[in-house]
Number of protein chains: 2
Amino acid sequence: MRYRKIPDETVRRLPQYLRAVSFVHKQGCKYVSSQELAERLHMKSPQIRKDLSYFGAFGVKGTGYPVETLLGRIREILKLNTPQKAALIGAGRLGKALASYPGFRLYGFDIVEVFDRSPRKIGRKIGGVEIKDVAHLGDLGKRGIRLALLAVPAGAAQEVAERLVEAGVRGILNLAPCYLKLPKRIKVVTIDIAMELGILPYYV
Amino acid sequence: MRYRKIPDETVRRLPQYLRAVSFVHKQGCKYVSSQELAERLHMKSPQIRKDLSYFGAFGVKGTGYPVETLLGRIREILKLNTPQKAALIGAGRLGKALASYPGFRLYGFDIVEVFDRSPRKIGRKIGGVEIKDVAHLGDLGKRGIRLALLAVPAGAAQEVAERLVEAGVRGILNLAPCYLKLPKRIKVVTIDIAMELGILPYYV
DNA sequence: CCTTGTGAAAAACTTCACAGCC
DNA sequence: GGCTGTGAAGTTTTTCACAAGG
């Protein structure tokens, strides 16, 4: 077999596992048990065992999972084992924060292009990358850039997203508070910080 | 009955409904159908009808849901009908972006306090609010501040979060790439942007 | 026609419990 | 003793199908 079909919910948790296992790895541990991970992630251990079982039995009974193998497998499934180039659209306050965010490295992401609309910003540098005119995206796909971080105002998001798709982008992390209507083959993940905050009062 | 028990997944979708219905409201529509919302949100219409049915039958058959009533009900369930005060911890690049983010208003959130550790920042203003020393949180709970946005480095997040809980905060939106170990009564929502990006290559 | 509201069916996911192995 | 891996059981969530109403 290649791998069994991996449930959506499991895929959604893999990046969390990656982060937690990386942490354990940095501490120098060779093995990690499902209990340990469960505690760290506020989950139950059978859940983790089941998730990991979807991509092959490589845990060692009585000991746990070999940390390096585990990292490799998760990266392999998520296709993070080769560095992923990404473009950032929007060099406003949020764009600046993203451009200098160190956390992307853990997942092998590299922001290699930054675009903005404002002539005042074009030509300047953020995060070591020169800001270019968003009117000239060029063929991002051909340059190996299939991911984009969209940090533009909600009013411009749909239009820019369509142009990104034309430019060969296949996946978009949308930080504007709106939905994007794009062809089904394009994967969109939207993060609306205010919306996430919106559920807190219910539980408080 | 008060309301039937609302499933977790439904609660999670309410902020999305709120955003979408607000949009329709701004366009001046009096009614919106489950189909319309479904299209806008990339969902199926029975899902939306079921979700809305959990808090009372107020849709008009043949027409749809009255937009204003719908907004009111969702706000009521989410406890967003009264303005919610929030504190922002961390005035770095991300903190600055959050302080000036206009999207919070839709949900009735108001950032009334900003804290940071750096003496260089303390005393300055962002988003119209003076930055105070994080060492002196005071009793946030007594001042009606039960929510906090945590935008500090991962290394400091756990410690600051514990102090927030002592200060009377009940819900935390954690933007640091780490898990927080806090009493169960505290609701934590973590957003790790890099992690969300992490699932894109799998689908691309 | 058009819609909502909902029980029932189906699907998806989580948890349990324990065999098997170190 | 410890831990993994997994079928089966249990739970939650989604989808369907259609009665009932405008």
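Values in this document were obtained by computation on a predicted structure and should not be read as measured data. Just so we're on the same page: letters track the sequence lines, and every chain starts at 1.
Across the interface with DNA chain C, nearest-nucleotide mapping of A/Arg49 and B/Val60 shows B/Val60 to be the residue nearer the 5′ end.
Taking atom NZ on B/Lys44 and atom C1' on C/dA11, their separation rounds to 12 Å, with Å as the unit. Put simply, CD on A/Glu36 is 12 Å from C1' on D/dC3, counting in whole angstrom units. The separation between B/Leu37 atom CG and C/dG5 atom P is 13 Å, rounded to whole Å. If you take CD1 of A/Ile48 and P of C/dT14, they are 12 Å apart, rounded to a whole angstrom. Atom-to-atom, NZ of B/Lys5 to P of D/dT11 comes out at 14 Å; the value is rounded to the nearest Å. Rounded to an integer number of Å, the gap from A/Leu52 CG to D/dT6 C1' is 13 Å. Atom CG in A/Leu41 sits roughly 16 Å away from atom C1' in C/dT14 (whole-Å rounding). Nucleotide C/dT4 holds its C1' atom 13 Å from the CG atom of B/Leu70, rounded to whole Å.
Listed nucleotides C/dT6, D/dG21, C/dC13 differ in distance to B/Lys50; the shortest reach to its side chain belongs to C/dT6. Listed nucleotides C/dT3, D/dT6, D/dT15 differ in distance to B/Gln47; the shortest reach to its side chain belongs to D/dT15. Listed candidates were D/dC3, C/dT4, D/dT13. Nearest to the side chain of B/Glu9 is D/dT13. Distances were taken from every side-chain heavy atom of A/Ser33 (C-beta onward) to each of D/dC3, D/dG5, C/dG5; the shortest belongs to D/dC3. You'll find that the side chain of A/Pro46 is closest to C/dC16, out of C/dC16, D/dC16, D/dG5.
When heavy atoms are screened at a 4.0 angstrom cut-off, B/Tyr31 is found touching no nucleic acid atom at all. Using a 4.0 Å heavy-atom criterion, one finds that A/Arg13 contacts the sugar-phosphate atoms exclusively. Within the 4.0 angstrom heavy-atom criterion, only backbone atoms of the sugar-phosphate kind lie near B/Gly59; the bases stay farther away.
OP1 or OP2 of C/dG5 has at least one side-chain nitrogen or oxygen of B/Tyr65 nearer than 4.0 Å. The shortest distance between the side-chain N/O atoms of A/Ser34 and the OP1/OP2 oxygens of D/dT4 is below 4.0 Å. The shortest distance between the side-chain N/O atoms of B/Gln35 and the OP1/OP2 oxygens of C/dC2 is not below 4.0 Å.
Side chains of B/Tyr179 and A/Gln16: a donor-acceptor N/O pair is present below 3.5 angstrom, by distance only. With no hydrogens or angles considered, a side-chain donor-acceptor pair links A/Gln158 and A/Glu162 at under 3.5 Å.
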Check against salt bridge (Lys or Arg N to Asp or Glu O under 4.0 Å), B/Glu159 and B/Arg163: CA-CA 7 Å; B/Glu159 187 219 313; B/Arg163 304 236 329 280; 3.6 Å; yes

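Heavy atoms only, all atoms of each residue included: A/Ile199 and B/Arg12 are closest at CG2-CA, 4.3 Å.
With a 6.0 Å radius and a threshold of 12 heavy atoms from other residues, nucleotides or ligands, B/Arg40 has its CZ atom above the threshold.
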